[in-house]
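A note on names: the letters A, B, ... follow the listed sequences, proteins ahead of strands, and every chain is numbered from 1. Just so it is clear, the values below take in all heavy atoms, side chains as well, and ignore hydrogens, waters and symmetry mates.
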Amino acid sequence: MPKKPLLLTILDILTLILVPAALGLILIYTPVEVNMGPVQKVFYFHVASAWGGMLSFVVAAVTGALYLLRRELKWDWLSQAAVEVGLVFGLTAILSGMIWAQPIWNTWWVWEPRLTTTAIMELIYLAYFILRGALSTPESKARLGAVFAIISVITVPITFFSIRLYRTIHPVVIAAGSDAAFSMSPRMQTAFFTSLGVFTILLADLVWHRTRLAQLQSELEQKGLAS
Amino acid sequence: MKNKIDSPASARIEVRGLSKRYHYQPVLDGLDLTVNGGELCVLVGANGAGKTTLLRIVASLVRPDAGEVFAGGYTLAHGGPYRRQIGYLGHQSLFYSDLNAVENLTHYARLYHLADSADRVTQSIQLVGLSAHRTKPVRTYSRGMQQRLAIARSLLHDPEVLLLDEPYTGLDPEAARFLDERLRQLRAPNRAILIAAHRPQGLLSIASHVAWLREGRIAQHLPVTRLGEDPALSAYLKETA
Amino acid sequence: MNGLRRYLSAVWQVFRKDIQVEVRGRQGLPVMLVFALLVVFLFNFALQLSPGLQAGLTAGLLWVSLAFASTLGLNRSVSLEGENNALDGLLLAPVDRSAIFFGKTLSNLVFTLLVALVLLPVFSLFYDLNLLRPGLFLVVLLGQGAYTSLGTLLAALSIQTRTRDVLLPVLLYPLALPVLIAAVEASRGILAGTPLGDLRSWLFLLAACNVLFLAAGLMFFETILEE
């Protein structure tokens, strides 16, 4: 069993410090937004989660491509870890988006481009796992998973643009206020970018742990102890 | 355009350091083997030892994890030109059930871009004794008939390298004799033949060499005339008669 | 040039063989056609549609039926190669394996276009709307071109899994969404009498998807099929 790298331990500690710090920043440091009230603060983690989800998707595709080129299983461990963690980040983004939307727009869901694209991205993530589950050998899971991840990442921006274009023709009329726009004060900006940074670190930490888990799983399978 | 490595007259299979794993288990582990033009090598080994995997890799149907494969002056990486020289017969017929013999073979003739395909197809079908059935869909053929047609398919483009995986399966005695005769005729300086058989006794009279695949490698590779040198192999061959 | 001629000849042969098998077996096209019509009937009653339908609804219904029928055709096209492992025969051919991709995409496209050829007049009858317009033919061609090329690529993926046919829709629909959105919107525009020039963005999107998926096929088809 591979020994836990020192760097990972440092990353763990860093994450454990930074996430509550960011939370504190958001809850205390930032002002309450005039129109929306305290619920607006969901926004910071909401966008950061979405960012994490998208970043993960790209990482999955890149590491997938690296697997296809190098054929070293470690790239596949990284790739599937990225998809799995990305799935969770995407889900968080959607849920936090819904929590934010309800009091403001009086609806749980709205078919706006970013939200819809994120939901589709989640479905693609799930399809990835269904695909892997339906394959028998670790080699084919890695190879076909990689191809699917690469093709998927290309279609996501196109999906976003097509939905956005669609929305310009079929605009959504929402109850109160426009598309949740507000201008950010300097404190808000600080919190915003800090959240992005912290979530990136959180993402790295989770993906690393998940990769190690995949590696362990792989070793167990090699020894014939797991299927 | 990639060029041939060797001269055209060198029909030859050369495998170096071939490795392949499935489910983390090595099926082939640094395997080396050479089959020269004019040779007919019988590949023996237990079921699941990796004979099929080896043949499929040389046929370019499976990608190896490591190692190199040369056939007649080209290597796997050459793609199209490499495959042109390969004739392969696997466990399945590779036919379209709804099409008849003529249509199936014509399809292959066209894929290989063969001139005078119509004549070749007619002759091939005649050679394997299926002329009477040639307009019936392959679906209606018995296993033996399909195997005979599959043999015709693998030889259609006159390949310099012939890879046959258990070709006698499903053949009745008459068809088996036909195959024996055909293989005898096919042995030529510009052709290298590798046949996998887990019951090789019958082939020993036609073969020039025997290669024994064990634990992912060729444990023994001898000319048929010198089989006596390895008692273990001789015993194995007697067992599987 | 000799190499190119052989390549194109191989593409043509794969296409020709698919047509030949279909003509002989008659299993694919009738099923696709009947299924498409059944979908129309199903939706008609489910959504309580009637003649004098809005252009948008007709366009949507058209593309849903085409998508379903097309998916059926894709599944059949690839399972055909699974029988007797005929795919090996194609893989052994002395040409670049992407030729198989192009040949099969072409035959899949032709079958779907044949279904569309029946659906368009049928829709015109059912919903009292003229669907036989050149603009619409163009959209169907572009839309189905993108859909079948992506579909052929993903069908090659799904054929290797344990769940086979069942998996294709799961993989295809989320990725094909931009194609469907663009196709429906462009169709709707044409049926509503919008000049083609105004529908530029959608047509461009469709064309881009065609190029993208054909390029993806060129790059990944061999990797998908190798063991």
>> Less than 4.5 Å apart, side chain to side chain, heavy atoms only: is that true for C:R162 and A:S136?
In response: yes
>> So for atom CZ, which belongs to A:F129, do other residues, nucleotides or ligands contribute more than 12 heavy atoms lying within a distance under 6.0 Å?
In response: yes
> Minimum heavy-atom separation for C:P178 to A:I158, with atom names?
Replying inline: CB-CG2, 3.7 Å
> Which heavy-atom pair separates A:L144 from C:I224 by the least distance, and what is that distance?
Replying inline: CD2-O, 3.7 Å
> If you measure from OG on C:S201 to OH on A:Y166, what distance do you get to the nearest 0.5 Å?
Replying inline: 15.5 Å
>> How long is the straight-line distance from CG of C:L175 back to CD1 of A:I124, given to the nearest 0.5 Å?
In response: 4.5 Å
> Quick one: what part of A:L126 sits under 4.5 Å from any heavy atom of chain C, side chain, backbone, both or neither?
Replying inline: neither
> Which region of A:T159, side chain (C-beta onward) or backbone (N, CA, C, O), has a non-hydrogen atom less than 4.5 Å from a non-hydrogen atom of chain C, or is it both or neither?
Replying inline: both
> Between C:L153, C:L157, C:V166, C:L150, which residue shows the highest count of heavy-atom pairs closer than 4.5 Å to chain A?
Replying inline: C:L157
> So which of C:I181, C:L205, C:V184, C:L171 has the biggest tally of heavy-atom pairs under 4.5 Å with chain A?
Replying inline: C:L171
> What residue among A:L123, A:T116, A:I120, A:T117 forms side chain to side chain contact (heavy atoms under 4.5 Å, CB included) with C:L177?
Replying inline: A:I120
> Would A:R143 and C:E222 pass as an ion pair if we require N to O under 4.0 Å?
Replying inline: no
